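Computed from a predicted model, the values in this text were never measured in an experiment. Each chain gets a letter, A, B and so on, in the order the sequences are listed, and its residues count up from 1.
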Number of protein chains: 2
Amino acid sequence: MAKLVTDESKNTRTHQEIRAENERAILKAAEAVFVAHGLKGATMQAIADLAGIPKANVHYYYQSKKKLYIAVLTSIVEDWNTGLEDIHEDSDPKQSLETFIRLKLDSAFNHPNHHKLFAVEVINGAPYLHQLMTTKMNQWAERKSAVIKSWYDQGKISINDPLQLLILIWTTTQRYAEFDTEILNLFGKDAYDDEDKKRVAEFLIPFILRGCGL
Amino acid sequence: MAKLVTDESKNTRTHQEIRAENERAILKAAEAVFVAHGLKGATMQAIADLAGIPKANVHYYYQSKKKLYIAVLTSIVEDWNTGLEDIHEDSDPKQSLETFIRLKLDSAFNHPNHHKLFAVEVINGAPYLHQLMTTKMNQWAERKSAVIKSWYDQGKISINDPLQLLILIWTTTQRYAEFDTEILNLFGKDAYDDEDKKRVAEFLIPFILRGCGL
DNA sequence: GTCTATATCCGGATAGAC
DNA sequence: GTCTATCCGGATATAGAC
């Protein structure tokens, strides 16, 4: 009896684990294939092959290519608006901004595919993202803008257009992910090494702080 | 006799005009459809419809979708590396950079589709652009880097990583084209008006100049 | 849950009449 | 040069055996 229960729960657990594992593998593979070929250009076969799973099973887990695509987007966007979380009117702008920039750079260097997928989606007019996150992002930007604005009012910073500062920081950091091919080419490298990452941070942070009059 | 010649040349000219006109219409339509749906996602039917031309005729002028895509890319890349043309060791950095930024912003606001197409192409690893322009771009960047470096050596500017400065200027200006949907959303607008363009320039130029220590 | 075989559709490209 | 009708490959999605 006890044995039976143990077996059952073990089977169930194994089952769930297999499912979770397969879903993870598919999502990861899909991410890469979507980045490389776009939504239409990606084939379920290529995704299945890369995940090491039969094509039919990919359809079993995610019913259609569109649903799979949206699942990928969703998983990416979840940790999107992190950073700059705990800043207030009385935070130190210099410290806050530096932390934020470092966070964004880490994200760019660690998950280039996420940023690429996101960028292409936005460039194409964000047909799938729009309902998913536009309002959330607007609210986030507005809250942060308000804080930066208050810094300005206190004379802590010489930027009175916070929105554009946010855009600039997003852009300059994410670019190292989106355009990695091109930038690595200019750097004469095959991949970013620690030196490169350090070099980027050491250029970008003082530059932006100076731009802010800090 | 004179009449005949006139007629002939008139016919010929009309013919050529029709061809030129059709090619232009197709290129323009293709640009829009490729931007909205990507290379694979774009259909020849959609391009033909937008151009107001039967699908078979699109194939008549450009034999395949790939050739059409490359034609579009080529037409875009031609005026790409303009700007910052006439700068030398003894130019004024402040003046040169401001001019360059304004040029890039004009380009971004006037030809957003060009920048979007270019960006997607680069994000996807630039499969078609690479042979077309990588070396040209590297050489351009290297020449300009040398000039900026000489400004640094003369103490005119406090940037000693010229490549990253160039990347930053490219990025921050082009972004207003690539992400126009998102940015307009943040601005609460449907399209950039002259106010917006002015606002962007008046944020970006002083910011970057301050960043350069100018 | 897994996987093979297949139905079904869509889109690029062409043939051939005008 | 223009346009209709059609071919055909390739990809999504599913049916159904295991």
Start and end of chain B contact along DNA chain C [non-hydrogen atoms, under 4.0 Å]: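 Span of nucleotides near chain B: C:dG11 to C:dT14.
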Within the supplied structure, the quantity of interest is the number of heavy atoms (other residues, nucleotides, ligands) at a distance under 6.0 Å from B:H114 NE2; does it exceed 12?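 Atom NE2 in B:H114 is packed in, count exceeds 12.
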Hey, does B:Y62 reach any base, or is it just sugar-phosphate, or nothing, if we go heavy atoms under 4.0 Å?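 The residue B:Y62 makes no contact with any strand.
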Between D:dT6 atom P and B:K55 atom NZ, what is the distance in whole Å?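 In whole Å, D:dT6 P and B:K55 NZ are 14 Å from each other.
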Report the distance from atom CG of A:L39 to atom P of D:dA11, rounded to the nearest whole Å.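 The distance from CG of A:L39 to P of D:dA11 comes to 14 Å, rounded to the nearest Å.
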Contact class for B:A46 (heavy atom, under 4.0 Å): base, sugar-phosphate, or nothing?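 Nothing, no nucleic acid heavy atom in range.
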Take atom CD of A:Q45 and atom C1' of D:dA13, then tell me their distance rounded to the nearest Å.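 In whole Å, D:dA13 C1' and A:Q45 CD are 13 Å from each other.
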Using the side-chain contact (heavy atoms from CB on, under 4.5 Å) rule, take A:Y176 and A:K197 through it: C-alpha gap first, then chi angles, then the decisive distance, then the call. CA-CA 10 Å; A:Y176 289 91; A:K197 295 175 188 176; over 6 Å; no
Would you find more than 12 non-hydrogen atoms of other residues, nucleotides or ligands less than 6.0 Å from A:H111 atom NE2?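 Atom NE2 in A:H111 is crowded, with more than 12 foreign heavy atoms closer than 6.0 Å.
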For A:E23, I'd like to know if atom CD has over 12 heavy atoms of other residues, nucleotides or ligands within 6.0 Å.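 Enclosed.
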A:K189 atom NZ, neighbour heavy-atom count above 12 within 6.0 Å: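 Result for NZ/A:K189: enclosed.
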Any base atoms under 4.0 Å from B:A48, or only sugar-phosphate, or nothing? Heavy atoms, all strands.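 No contact.
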5'-most by nearest nucleotide on DNA chain C - A:K40 or A:P54: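 Residue closer to the 5' terminus by nearest nucleotide: A:P54.
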Flag yes if more than 12 heavy atoms outside B:D190 fall under 6.0 Å of its CG atom; otherwise flag no.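 Atom CG in B:D190 is not crowded, with 12 or fewer foreign heavy atoms closer than 6.0 Å.
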Which whole-number value in Å describes the distance from A:K65 NZ to D:dT14 C1'?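 About 17 Å, once rounded to whole Å.
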